[in-house]
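Every chain is numbered from 1, with letters handed out A, B, ... down the list of sequences. Reckoned from all heavy atoms, side chains included, excluding hydrogens, waters and symmetry mates.
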Protein chains: 2
Amino acid sequence: MKLAEFLHTLVDFSEEELEDILSHFERKEVSKNEILVEQGKICRNLYFVEKGIARNYYLNSDGKEITQLFFGEGRFMSSLESFFQESPSTYYLEILEDSVILSITKEQLDLLFDRYHKMERLGRLLATEMLTKVVHKINAIQFQSARERYDFMLSEYPDITYRVPLGLIASYLGMSQETLSRIRKKKL
Amino acid sequence: MKLAEFLHTLVDFSEEELEDILSHFERKEVSKNEILVEQGKICRNLYFVEKGIARNYYLNSDGKEITQLFFGEGRFMSSLESFFQESPSTYYLEILEDSVILSITKEQLDLLFDRYHKMERLGRLLATEMLTKVVHKINAIQFQSARERYDFMLSEYPDITYRVPLGLIASYLGMSQETLSRIRKKKL
DNA sequence: TCCGCTTTTTGATTTAAGTCAAAAGAAAGA
DNA sequence: TCTTTCTTTTGACTTAAATCAAAAAGCGGA
């Protein structure tokens, strides 16, 4: 999904505004396994996934990778707190498939926020939308059995479920990969 | 915490702007156990907790109450999706202590968003901040033992932990209240 | 095409936390 | 103050899911 279309679904920018906004983003192709943000470093960009999939994850106290969120096509992503507070990132941001990504720095973004009232609104709407999504995830995890959590995954990310390795999904859902494998088997 | 102070920490409104904004809120005292939002009804207000504590919860498939979030002093609260989409609420919003609450309707709020660029920014900052908070909660729940989840509660809401019934905290943390009781005992 | 590496599956065993039931303690109301 | 009701604790037992270990399947590169 193109960024322009996506923005238009949320706020009705004029042609000129849209053009100006888009001109502040940089487009690049990123290949599988590439790490866009390292843990401990400051995340300088906000990204938009035009094509592909990414995830952010962190290492728990046992050194195990825990997937926090997946980002599919048409989604903004970043190490949010790091980006906005310019603090060291708790997360890695990793590309899972060869992807096309648009990026913008905080300076450029703030400039757009200052320039356009509508841009600020876009930011608010995006943050609100993401917030409700994340709240849904909490519900899906808290007090739900492993089986129910997988059902949530299927309904929330039907596409992603079959495009990324099982182990990553297991860590996203908070279960071991053996458990997820057994659940999948029963589903057939 | 007064709303005016709180707003000022995020965006530097002028005196007049602040006054105008505040005039759109309605202040009321609400007593313990009162339900501000019912499941199934549309949540028409955004609330700010000046004094007191509230929580939102939902009923799971067994009819058990699951606490989603606690809202302490100086926090905005609502049934977010219901409020913004004007859709039936999935959650109840309940007052846990006699409280002082400010409220504003969506119409009034949208009016302020249209009138002030800065107001839109405030909305964005609030949503972003809440988003990072909620993301932290996911981490604390996913892949953490019951004991670690309680440690998270203590660090995140040191005040609330001892002001609300144990059973509510247990449901917030995704564990049975017996388990939480046992954890607390070990802590002494 | 074959080899080596990664991912997934399967089986056996352990364990953290849930459930059920009842007692103890605290708070609220008459 | 004494009931009554709500909340928390305790104990015994069960269970879902983790862990450990190893086999099987899938994939990418030479």
Can you tell me how far [atom2] of [N] sits from [atom1] of [X], to the nearest Å?
X: B:Leu96; N: C:dA27; atom1: CG; atom2: C1'; value: 17 Å
X: A:Arg149; N: D:dA16; atom1: CZ; atom2: P; value: 13 Å
X: B:Asp62; N: C:dC20; atom1: CG; atom2: P; value: 10 Å
X: A:Glu178; N: C:dT9; atom1: CD; atom2: P; value: 11 Å
X: B:Gln144; N: C:dA17; atom1: CD; atom2: C1'; value: 16 Å
X: B:Gln177; N: C:dA21; atom1: CD; atom2: P; value: 16 Å
X: B:Ile183; N: C:dA16; atom1: CD1; atom2: P; value: 12 Å
X: B:Gln142; N: D:dA17; atom1: CD; atom2: C1'; value: 15 Å

Problem set entry | Ionic contact status for A:Asp98 with A:Lys51, cut-off 4.0 Å |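 So A:Lys51 does not pair with A:Asp98 through a salt bridge.
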Problem set entry | Donor-acceptor pair, side chain of B:Gln142 and main chain of A:Tyr172, under 3.5 angstrom |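 Yes, because the side chain of B:Gln142 sits within donor-acceptor range (under 3.5 Å) of the backbone of A:Tyr172.
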Exercise. Quick one: are A:Glu94 and A:Val37 in side-chain contact, heavy atoms under 4.5 Å?
Worked result: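 In short, these two side chains do not touch, never coming nearer than 4.5 Å.
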Exercise. For DNA chain C, whose closest nucleotide is more 5', that of B:Lys32 or that of B:Met175?
Worked result: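 Checking each residue's closest nucleotide, the 5'-ward one belongs to B:Met175.
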Exercise. When you match A:Phe143 and A:Val164 each to their closest nucleotide on DNA chain C, which lands nearer the 5' end?
Worked result: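 The answer here is A:Val164.
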Looking at [N], I'd like to know if its phosphate oxygens (OP1 or OP2) sit under 4.0 Å from a side-chain N or O belonging to [X].
X: B:Ser181; N: D:dT9; value: yes
X: A:Lys185; N: C:dT10; value: yes
X: A:Ser176; N: D:dT19; value: no

Exercise. Side-chain donor-acceptor pair under 3.5 Å between B:Arg184 and B:Tyr150, yes or no?
Worked result: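 Side chains of B:Arg184 and B:Tyr150: pair found under 3.5 Å.
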Problem set entry | Pairwise 5' ranking along DNA chain D for B:Leu166 and B:Arg182, keeping only the more 5' one |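 Result of the comparison: B:Leu166.
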Exercise. So, is the end of the A:Arg124 side chain (NZ or CZ) under 6.0 Å from the ring centre of B:Phe113 and within 45° of the ring's axis?
Worked result: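 Judged by the rule, A:Arg124 and B:Phe113 form a cation-pi pair.
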